[in-house]
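Below is one structure; the comments refer to it alone.
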Number of protein chains: 2
Amino acid sequence: MDESAPTTQSGVPARITDVARLAGVSTATVSRVLAKPDQVAPRTRARVQEAVARLGYVPNPAARTLRSQKTRMVLVVVPDLENVFFSRILRGIEETLAAAGHGMIIADLDPASPRMEELAAFARRQVDGVILLNGRRLGTEAEGVPTIALCETIPGVSFPQIAVDNRASARRVVAHLASLGHRRIAYLAGPEGNVLEVERAAGYREGLAAAGLAFDPALVWPGDYTLASGVAAAGRLLADGARPTAVFASSDVMAIGLVGALQEAGLDVPGDVSVAGFDDIEFAAMSRPALTTIRQPRRDLGRAAAEALLARLAGRTPPALSLLETELVVRASTGPVGPRAR
Amino acid sequence: MDESAPTTQSGVPARITDVARLAGVSTATVSRVLAKPDQVAPRTRARVQEAVARLGYVPNPAARTLRSQKTRMVLVVVPDLENVFFSRILRGIEETLAAAGHGMIIADLDPASPRMEELAAFARRQVDGVILLNGRRLGTEAEGVPTIALCETIPGVSFPQIAVDNRASARRVVAHLASLGHRRIAYLAGPEGNVLEVERAAGYREGLAAAGLAFDPALVWPGDYTLASGVAAAGRLLADGARPTAVFASSDVMAIGLVGALQEAGLDVPGDVSVAGFDDIEFAAMSRPALTTIRQPRRDLGRAAAEALLARLAGRTPPALSLLETELVVRASTGPVGPRAR
DNA sequence: CATCGCCGTGTAATCGATTACAGCGAGGTT
DNA sequence: AACCTCGCTGTAATCGATTACACGGCGATG
């Protein structure tokens with residue numbers, strides 16, 4: 001009764017040798033039961049499984065990693081953890097990874113940070129895979145590590161990319177505005193050179209063309225996805241002799257800044273000007289008027305990236321590029337060309 | 001020239017034996033140079049350090065963990081990654097941990113989730129410490145693991161807690177409103193039983209008393225920190241015969257919902273009703289009118305928690321409870337009792 | 001000049017799992 | 001009856017670092 005049999009009660013976690021002793025087998029057999037159960041005789045397997053259950057045995061991750069070179073951890077690199085946009089994506093990633101027994105390590109890193117190199121060294125050792133959300137590859141150290149790019153695609157790389165069709169989505173916004181009768185539609189741009197911006201800007205032009213509207217460079221206003229640039233755009237609009245009747249802001253944050261500034265100047269949205277955004281962040285629905293925008297399936301984006309990575313880790317080859325569906329969410333900030341504007 | 005000396009170029013990371021061979025010493029010495037340099041003779045130390053640099057040697061974390069039982073990882077448990085409130089806190093934690101060579105693993109977990117038990121097992125093996133943001137302790141499995149509670153304090157535990165003085169902050173909001181001449185100040189509460197709510201509600205009552213105002217239970221409205229409960233509160237206000245002239249909402253999200261609904265009903269904020277919030281989330285400054293609120297030093301909260309944990313890991317004993325300073329941020333949503341209200 | 005102590009270093013056990021290889025017994029084949 | 005195969009299990013090497021212990025050499029001490 002008082003064998004040296006270890007118990008669940010004991011403070012120290014059970015090791016594989018404890019399980020082996022209790023089940024009367026070797027450690028190799030225990031390991032096999034856990035890894036490839038069908039290679040073990042049913043009776044033995046049952047004995048081992050019972051011992052595992054009795055002791056609450058969980059393999060030591062460090063030992064397992066050392067031997068197998070698998071960490072069961074994934075590194076997620078975000079450019080700005082404070083940006084609301086990422087939180088739901090992270091949740092999608094986390095839930096998917098957790099279900100597959102993988103942990104998520106987050107690095108919050110400006111793409112320009114020198115830590116990108118340092119992180120590469122970390123990645124090679126400490127994780128099985130990487131999900132990049134900041135549009136930049138890690139340093140050369142991380143060459144061999146399975147990687148996925150999410151949202152901000154990275155040109156010229158060989159690993160899978162997951163994103164939305166920014167161009168088509170932008171087209172859809174313009175089509176929506178045009179269908180409301182708007183003929184002068186301005187575009188509030190994102191930071192120059194950014195992949196997302198390039199695509200959305202292209203979609204804007206295509207949208208105009210599809211609606212039979214002329215492209216007017218004077219109606220493209222600079223912005224950088226920040227609130228301040230939205231506010232600045234309002235000044236531009238007010239100063240404009242031939243005001244646009246609608247503005248497509250390439251991010252919700254800018255759209256919200258713009259709307260607020262317009263309201264302060266005494267304009268009515270959408271009575272005087274319609275405004276549409278992009279992203280559908282939480283506050284898009286909460287602001288007044290509620291913002292018409294493009295909903296990105298953020299949680300699904302996260303899930304898809306995690307799944308693609310898991311597939312790669314399992315030896316499969318996910319598609320080089322997969323685009324998820326967006327949705328035009330029409331709320332109160334866009335409406336027919338108003339009487340005053342007409 | 002073509003010794004078997006390993007080079008930086010080679011794809012495989014250098015091991016300690018490679019360094020030892022290059023420096024002409026044993027692995028024990030290499031390890032010592034890295035861990036306790038002053039126990040090694042200067043000449044030897046220099047040789048080893050050069051070899052380390054030449055090979056770009058970084059100790060294998062798995063091997064190190066296996067032997068030393070230290071993972072250099074910290075688990076952070078958040079109740080809801082989607083909640084804007086946490087992102088900046090996470091950033092504060094991450095930057096502090098990273099500086100100390102620790103990684104951050106995030107678990108996104110509803111406090112009621114059964115995964116809390118499972119996570120405890122994970123915590124015991126995979127991390128050196130835990131930071132809890134969800135007001136719940138992990139399962140019994142995680143007993144020995146150094147832990148810190150952040151923001152939502154946990155009663156009756158022995159580990160250090162970091163938070164703000166919710167009660168004093170709430171008092172300050174009420175004092176601010178009272179100083180503007182308000183005498184009927186309503187309180188929009190948080191979820192019943194929540195630690196934060198209990199404290200803020202107490203602060204509200206104390207604030208009334210300090211201003212010589214009577215406490216009226218009818219002016220305490222139920223809420224749960226969500227937008228919807230803010231909107232619902234607006235209905236209550238409008239239906240009230242003796243309307244309050246100011247409302248203290250115990251979260252910014254509720255305050256924003258309330259303001260929006262009031263505006264839709266044709267009321268002016270702060271002309272007809274002043275509204276103050278709590279937290280100072282990003283959108284508090286962006287909403288119209290910009291919200292008067294209590295700023296929680298979120299980044300500092302994260303930093304402080306990480307530092308306290310690092311201290312514990314280093315064998316020191318951080319204070320059982322430390323409260324960080326908040327700040328009353330007066331913006332446009334509160335003002336003197338308006339002519340209409342008077 | 002023998003002895004002691006200390007400093008610096010090396011040897012080897014150890015952390016806990018995975019897995020190649022070998023061994024062994026039962027059943028099938030000729 | 002001798003031999004082969006196949007299925008199951010055990011032995012032991014291995015992953016890469018840390019560290020207790022031992023040992024050699026040297027200056028200080030009596």
Side-chain angles (χ1 to χ4, degrees), chain A residues 6 10-49 51-52 55-73 101 121-122 124-128, chain B residues 6 10-49 51-52 55-73 101 121-122 124-128:
Chain A
S10 104
V12 275
R15 292 154 307 176
I16 197 170
T17 51
D18 300 324
V19 178
R21 198 179 327 134
L22 184 60
V25 299
S26 73
T27 62
T29 300
V30 175
S31 183
R32 271 184 221 112
V33 168
L34 266 31
K36 2 189 125 150
D38 42 310
Q39 284 185 18
V40 177
R43 292 184 53 113
T44 319
R45 193 195 311 152
R47 277 217 315 285
V48 171
Q49 280 164 341
V52 166
L55 299 176
Y57 170 70
V58 179
N60 180 311
R64 186 193 283 238
T65 295
L66 177 57
R67 184 64 233 248
S68 64
Q69 311 286 11
K70 300 253 159 292
T71 63
R72 292 160 180 264
M73 285 284 156
F122 175 90
R124 191 171 54 171
R125 294 305 201 63
Q126 306 253 52
V127 299
D128 294 344
Chain B
S10 105
V12 275
R15 291 155 308 177
I16 196 171
T17 52
D18 301 324
V19 178
R21 199 180 325 134
L22 183 60
V25 298
S26 73
T27 62
T29 299
V30 176
S31 183
R32 271 185 219 111
V33 168
L34 266 31
K36 4 188 121 151
D38 42 311
Q39 284 186 16
V40 177
R43 291 184 55 113
T44 319
R45 194 196 311 154
R47 278 217 315 286
V48 172
Q49 280 164 341
V52 166
L55 299 175
Y57 170 70
V58 179
N60 180 311
R64 186 194 284 240
T65 295
L66 177 58
R67 184 65 233 247
S68 66
Q69 310 288 9
K70 301 253 160 290
T71 62
R72 290 157 181 265
M73 285 285 156
F122 174 91
R124 192 172 53 173
R125 295 305 201 64
Q126 306 254 51
V127 299
D128 294 345

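Here the structure is a predicted model, which is why all the values come from computation and not from measurement. Labels below follow one simple rule: chain letters A, B, ... track the order of the sequence lines, proteins then strands, and each chain is numbered from 1.
- Under a 3.5 Å cut-off, the side chain of B:Arg47 and the backbone N or O of B:Ala23 do form a donor-acceptor pair.
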- prompt: Which is it for B:Phe122 and A:Val58 under the side-chain contact (heavy atoms from CB on, under 4.5 Å) test, yes or no, and what are the steps along the way?
  reply: CA-CA 9 Å; B:Phe122 174 91; A:Val58 179; over 6 Å; no

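- Atom CD1 of residue A:Ile16 and atom CZ of residue A:Arg21 lie 12.5 Å apart, to the nearest 0.5 angstrom.
- Interatomic distance, B:Arg45 CZ to B:Lys36 NZ, rounded to the nearest 0.5 Å: 14.5 Å.
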- line: Reading nucleotides 16-27 of chain D from 5' to 3' and marking B where a protein heavy atom lies under 4.0 Å of the base, S where only the sugar-phosphate is that close, and - otherwise, the string is BBBBB-------

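- One axis for each end of the helix from C:dC1-D:dG30 to C:dT30-D:dA1, each built from five base pairs, and the angle between them comes to 60° at 10° resolution.
- Note: A:Arg15 CZ to A:Asn60 CG = 10.5 Å, rounded to the nearest 0.5 Å.
- A heavy-atom distance below 4.5 Å is found between the side chains of A:Thr29 and A:Arg32.
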Show which side-chain atoms of residues 62-73 of chain A pair as donor or acceptor with protein atoms under 3.5 Å away, not counting sequence neighbours.
from: A:Thr65; atom 1: OG1; to: A:Pro61; atom 2: O; distance (Å): 2.8
from: A:Thr65; atom 1: OG1; to: A:Lys70; atom 2: O; distance (Å): 3.0
from: A:Ser68; atom 1: OG; to: A:Arg64; atom 2: O; distance (Å): 2.6
from: A:Ser68; atom 1: OG; to: A:Lys70; atom 2: N; distance (Å): 3.3
from: A:Thr71; atom 1: OG1; to: A:Met73; atom 2: N; distance (Å): 3.2
from: A:Thr71; atom 1: OG1; to: A:Gln126; atom 2: O; distance (Å): 3.2
from: A:Thr71; atom 1: OG1; to: A:Asp128; atom 2: N; distance (Å): 3.2
from: A:Thr71; atom 1: OG1; to: A:Asp128; atom 2: OD1; distance (Å): 3.0

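- Of the residues listed (B:Thr17, B:Asp18, B:Val19), the one engaging B:Thr27 in a side-chain contact (heavy atoms from CB on, under 4.5 Å) is B:Thr17, and it is the only one.
- Between the CD atom of A:Gln39 and the P atom of D:dT9 there is a distance of 11 Å, given to the nearest Å.
- C:dG8 atom C1' lies 12 Å from atom CZ of B:Arg47, rounded to whole Å.
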